[in-house]
K.L.:
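To start, I am sharing the structure in question, which I have written as C-alpha cells.
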Amino acid sequence: MNYFPDEVIEHIFDFIASHKDRNSISLVSKSWHKIERCSRKRVFIGNCYAINPERLIERFPSLKSLTLKGKPHFADFNLVPHEWGGFVHPWIVALAKARVGLEELRLKRMVVSDESLELLSRSFAGFKSLVLVSCEGFTTDGLASIAANCRHLRELDLQENEIEDHRGQWLNCFPESSTALTSLNFSCLKGETNLAALERLVARSPNLESLKVNRAVPLDALTRLMSCAPQLVDLGVGSYENEPDQESFVKLMDAIKKCTSLRSLSGFSEVAPLCLTAFYPICQNLTSLNLSYAAEIQGNHVVRFIQFCKRLQRLWILDSIGDKGLEVVASTCKELQELRVFPSDLHDEEDNNEASVTEIGLVAISAGCPKLHSILYFCKQMTNAALITVAKNCPNFIRFRLCILEPNKPDHTTSQSLDEGFGAIVQACKGLRRLSVSGLLTDKVFLYIGMYAEQLEMLSIAFAGDTDKGMLYVLNGCKKMRKLEIRDSPFGNAALLADVDKYRTMRSLWMSSCEVTLGGCKRLARNAPWLNVEIINENENNDLMMERNEEDEREKVDRLYLYRTVVGARKDAPPCVTIL
Amino acid sequence: MSKKITLKSSDGESFEVEEAVARQSQTLANLIEDNCTDGEIPITNVTSNILAKVVEYCKKHVVVDGGDDSSSSSTSEEDLKKWDADFMQVDQSTMFDLILAANYLNVASLLDLACQTVADMITACKGAEEIRAKFGIENDFTPEEEAEIAKATQWAFQ
C-alpha cells in the first residue's frame with residue numbers, strides 16, 4: 001500500500017467516516033496523516049475548550065461539518081452559571097476568516113448570539129444545516145438572518161434552546177426561492193408564529209421530511225400544514241387544549257391519514273384526548289413517539305394511544321403512565337429499543353401513587369422488550385430484587401440511567417442500599433457505556449462499577465458513596481471512562497489527587513458539593529499543567545480567590561470542573577470562574 | 001452484432017471482450033469513442049491474472065438491455081452483491097493490484113468496491129499500530145511527533 005497514489009488512498013478514506021476510525025488512520029504514517037487531515041469533512045469536538053479554532057482549521061482545512069459542545073452536562077440541572085462560557089462566536093469568526101467551506105454546524109450547550117448567527121449566515125455560501133441543542137443567547141432576529149441569507153439551507157433544527165422570541169417575522173425571511181428545506185424544528189420557541197409564512201414555506205418545500213412546530217400553531221393550521229406535506233416522516237405538533245369541533249376533527253383526521261410516511265411524532269404540550277385519537281390511523285407506522293411534554297393528559301389516554309403503536313422503537317413519556325401503563329407498553333411494543341420516563345410532577349406534596357412509576361414498571365418493560373438497550377427512568381422507589389431481574393432480562397443495555405427522585409432512598413422492601421442491584425446491572429451488561437446511579441449507595445456500588453463496567457464511558461453520581469475509596473474504585477477500574485460527574489457525595493482530595501495521569505485519558509471531571517478543597521485543587525493544577533482546573537463560585541471573584549491564605553486552602557470548593565486541553569487556560573472565563 | 005475489443009496484458013496475454021464490457025472502463029470507453037481500438041489495446045500496467053479478474057468483473061456487471069420486471073432485477077441486485085463479496089475474497093496483494101488496475105482503467109464501480117473492502121479491513125483494526133501491521137506500512141513519525149499528534153487527536157477530536 002506504500003506505493004498507492006495519494007488519490008487512491010484518499011478514495012479508500014472516503015469510505016471511512018467515523019471519528020474514531022479517521023483518528024486512527026491519521027496516526028498511521030506521515031502521508032496517511034496528511035491525506036486524512038486534508039480530506040476530513042466532519043469534525044467532532046466534545047469540549048470546545050480542549051482546542052482552539054486556529055488549530056482546528058490548521059489541521060482540517062477542508063472541513064464541512066463541525067460539531068461543538070460547550071457547557072458540561074450538569075448545566076441541565078442549573079449547576080453551571082449562564083455566563084460560564086462556551087461561546088461559538090470566535091469559532092465562526094475564525095472559520096469565516098479562513099474561508100472554510102462550512103456546510104453544517106451542530107452545537108450543544110453553547111452560547112450563540114444574534115451577531116454570531118448573522119456572521120454565520122453571511123460567511124458560508126454553501127451552508128446547509130444548523131442544529132442547536134440546549135443553546136442560549138440569541139433571539140428570533142438571529143434566526144431571521146439564517147433564513148434570509150443561507151440560500152442552500154436544508155436543515156434548521158432547534159432543540160430545547162432558550163431563545164428570546166421577538167414574535168415571529170423570521171419565517172417570512174425565507175426567500176420565495178428557498179425550496180430545499182428537509183428539516184425545520186422550532187418547537188422551543190415560545191411566541192406566536194406567522195402562520196401564513198409557515199404554510200407558504202412548507203408548501204414550497206417538497207423535500208421537507210421533518211417538521212416540528214411550536215405550541216402557538218393551532219389545530220386548523222396544523223391540518224393545513226399536514227395536507228400540503230403528506231410526505232412528512234417526522235412531525236412535532238403544537239398545543240391543543242380544547243377539544244376540536246366535529247368538522248375540525250374530521251379535517252384533521254383526513255390530513256393525518258394521508259401522511260403514510262409518518263414515523264415519528266412529538267410535541268403535544270397540551271393535548272385534549274380527542275385530538276390524540278385523530279392520530280390513531282398512523283400509530284401502527286410509528287417508530288418514535290415523544291409524549292413527554294403532555295403533562296395534563298391522563299395516563300389512560302396515553303396508554304390507549306400506545307396500544308396501537310406496535311412498531312415503536314423509541315418512546316419518551318411521563319410517569320403519569322404508571323406501572324400499569326408500562327405493562328401495556330411491555331406487551332405491545334416488542335421492538336422497543338429506547339425508553340425515557342420523565343417525572344410529571346417534581347414538586348408534589350401529596351404522595352399520589354397513581355401518577356408515578358416504580359420498580360414494577362421497570363421489571364415489566366425489561367421482561368417484555370427484548371431489544372431494549374437504552375433507558376432513562378425517573379421513579380419514586382426501587383428494589384435490589386427488581387434491578388437484579390432487570391439485569392437478567394436485559395443484558396444488552398448500553399445506557400442505563402435510573403433516577404430515584406428522593407436522594408439516598410434505600411430499597412423500600414429491605415431498607416438496604418441499592419449496591420447489589422446496580423452491581424447486577426454492571427455485571428450483566430457487558431456493553432454498558434453510560435450509567436446514572438441513585439438511591440442509597442455505599443462505596444460498594446463503586447467497587448462493582450470499577451470491577452465490571454469495562455466499557456463505561458460516562459458515569460453520573462449524586463448523593464452516593466461513603467469515602468474516597470468509592471471514587472477511587474471508579475477511577476482505577478473504568479479504563480474507558482471519559483466523563484465523570486459527581487454531586488453531593490463525600491469524595492475529597494485523596495481521590496482527586498491519587499492518579500493525576502488518569503485525567504489524561506478522560507474528557508472531563510465534574511465535582512460539586514463534594515469534599516474537595518481549594519488546596520487540593522491548587523495542588524492538582526500544579527501537578528497537571530495540561531489540565532484546566534476551574535473553580536466555579538458565584539459568590540466570589542477571581543482576585544479574592546487567588547489571594548487566599550493557608551487557612552482558606554482548607555475551604556471546600558463548591559463546584560470543580562476540570563478537563564484536559566492542548567491550548568491551556570481559556571481567556572474568556574467570567575468572574576465567577578477561577579482557572580487555577 | 002456488437003464489436004469485440006482485444007486487450008493485451010503487460011505479460012502478453014490477450015483478452016477478447018464485447019464492447020459493452022470494455023466500456024465499463026472509462027479509459028477504454030474514451031478510446032472506443034476516439035476510434036482507437038483496431039487491433040489490440042496494450043494494457044501495460046496490468047498483468048494477465050489481474051486483467052483476467054477485471055474482465056471477469058466487467059462481464060458480470062454489464063447492464064443487460066431490455067426491460068425486466070422490477071422483482072427479478074431486485075433479486076439479481078442481491079445476487080450481484082453476493083457475487084461482488086465473493087469476488088473480493090482475494091489475498092491482499094491481489095486486492096491492491098485490483099485497486100491499481102481499476103484506478104488505471106477507471107472502472108468506477110470496481111474501484112469503489114475494492115476501496116470499500118480495504119476500508120472495512122482498516123476499520124476492523126483497533127488503532128494505528130494494528131493498521132500498520134496489517135498493511136505493512138512504516139511508521140515514519142518520530143516518537144515526539146507521534147505523541148503530539150496523538151494527544152491533539154485524542155484530547156480534542158474525540
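Note that the structure is a prediction, hence the values are computed from the model and not measured. By convention in this document, chain letters (A, B, ...) are assigned in the order of the sequence lines, proteins followed by strands, and residues within each chain are numbered from 1.
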K.L.:
Quick check for you: to the nearest 0.5 Å, what is the distance between A:Cys38 atom SG and A:Leu63 atom CG?
P.N.:
12.0 Å
K.L.:
If the condition is side chain to side chain contact (heavy atoms under 4.5 Å, CB included), which residues does A:Ala17 pass it with, not counting sequence neighbours?
P.N.:
none
K.L.:
Which residue out of B:Ile149, B:Ile131, B:Leu111 racks up the most heavy-atom pairs below 4.5 Å with chain A?
P.N.:
B:Ile149
K.L.:
With sequence neighbours excluded, tell me which residues meet side chain to side chain contact (heavy atoms under 4.5 Å, CB included) with B:Lys53.
P.N.:
B:Glu56, B:Phe87, B:Val90, B:Leu98
K.L.:
Does the side chain of A:Val28 reach to within under 4.5 Å of the side chain of B:Phe135, using non-hydrogen atoms?
P.N.:
no
K.L.:
Between A:Phe127 and A:Phe124, how do the two ring planes meet: parallel, tilted or perpendicular, split at 30° and 60°?
P.N.:
tilted
K.L.:
How many angstroms lie between CG in B:Leu28 and CG in B:Leu7, if you round to the nearest 0.5 Å?
P.N.:
5.5 Å
K.L.:
Relative to chain A, which segment of B:Ile99 carries a heavy atom at a distance below 4.5 Å: side chain, backbone, both, or neither?
P.N.:
side chain
K.L.:
So between chain B and chain A, what donor-acceptor pairs come in under 3.5 Å?
P.N.:
from: B:Asp112; atom 1: OD1; to: A:His11; atom 2: NE2; distance (Å): 2.7
from: B:Arg132; atom 1: NE; to: A:Val28; atom 2: O; distance (Å): 2.7
from: B:Arg132; atom 1: NH2; to: A:Leu27; atom 2: O; distance (Å): 2.8
from: B:Gly136; atom 1: O; to: A:Asn2; atom 2: ND2; distance (Å): 3.0
from: B:Asp140; atom 1: OD1; to: A:Lys30; atom 2: N; distance (Å): 2.8
from: B:Thr153; atom 1: OG1; to: A:Arg59; atom 2: NH1; distance (Å): 2.9
from: B:Thr153; atom 1: OG1; to: A:Arg59; atom 2: NH2; distance (Å): 3.0
from: B:Gln154; atom 1: O; to: A:Arg564; atom 2: NH2; distance (Å): 3.0
from: B:Trp155; atom 1: NE1; to: A:Arg504; atom 2: O; distance (Å): 3.2
from: B:Phe157; atom 1: O; to: A:Asn23; atom 2: ND2; distance (Å): 3.1
from: B:Gln158; atom 1: OE1; to: A:Asn23; atom 2: ND2; distance (Å): 2.8

K.L.:
Is a side-chain N or O of B:Ser48 found less than 3.5 angstrom from the main chain of B:Glu13, in a donor-acceptor match?
P.N.:
no
K.L.:
Which atoms of B:Ile122 are under 4.5 Å from chain A, going by heavy atoms: the side chain, the backbone, both sets, or neither?
P.N.:
side chain
K.L.:
Could you pull out all residues at least two apart from B:Ser10 that satisfy side chain to side chain donor-acceptor pair (under 3.5 Å)?
P.N.:
none
K.L.:
Name the region of A:Val43, side chain, backbone, both or neither, that has any atom closer than 4.5 Å to a heavy atom of chain B.
P.N.:
side chain
K.L.:
Using a 4.5 angstrom heavy-atom cutoff, name the option from A:Phe44, A:Phe4, A:Phe13 with the most pairs to chain B.
P.N.:
A:Phe4
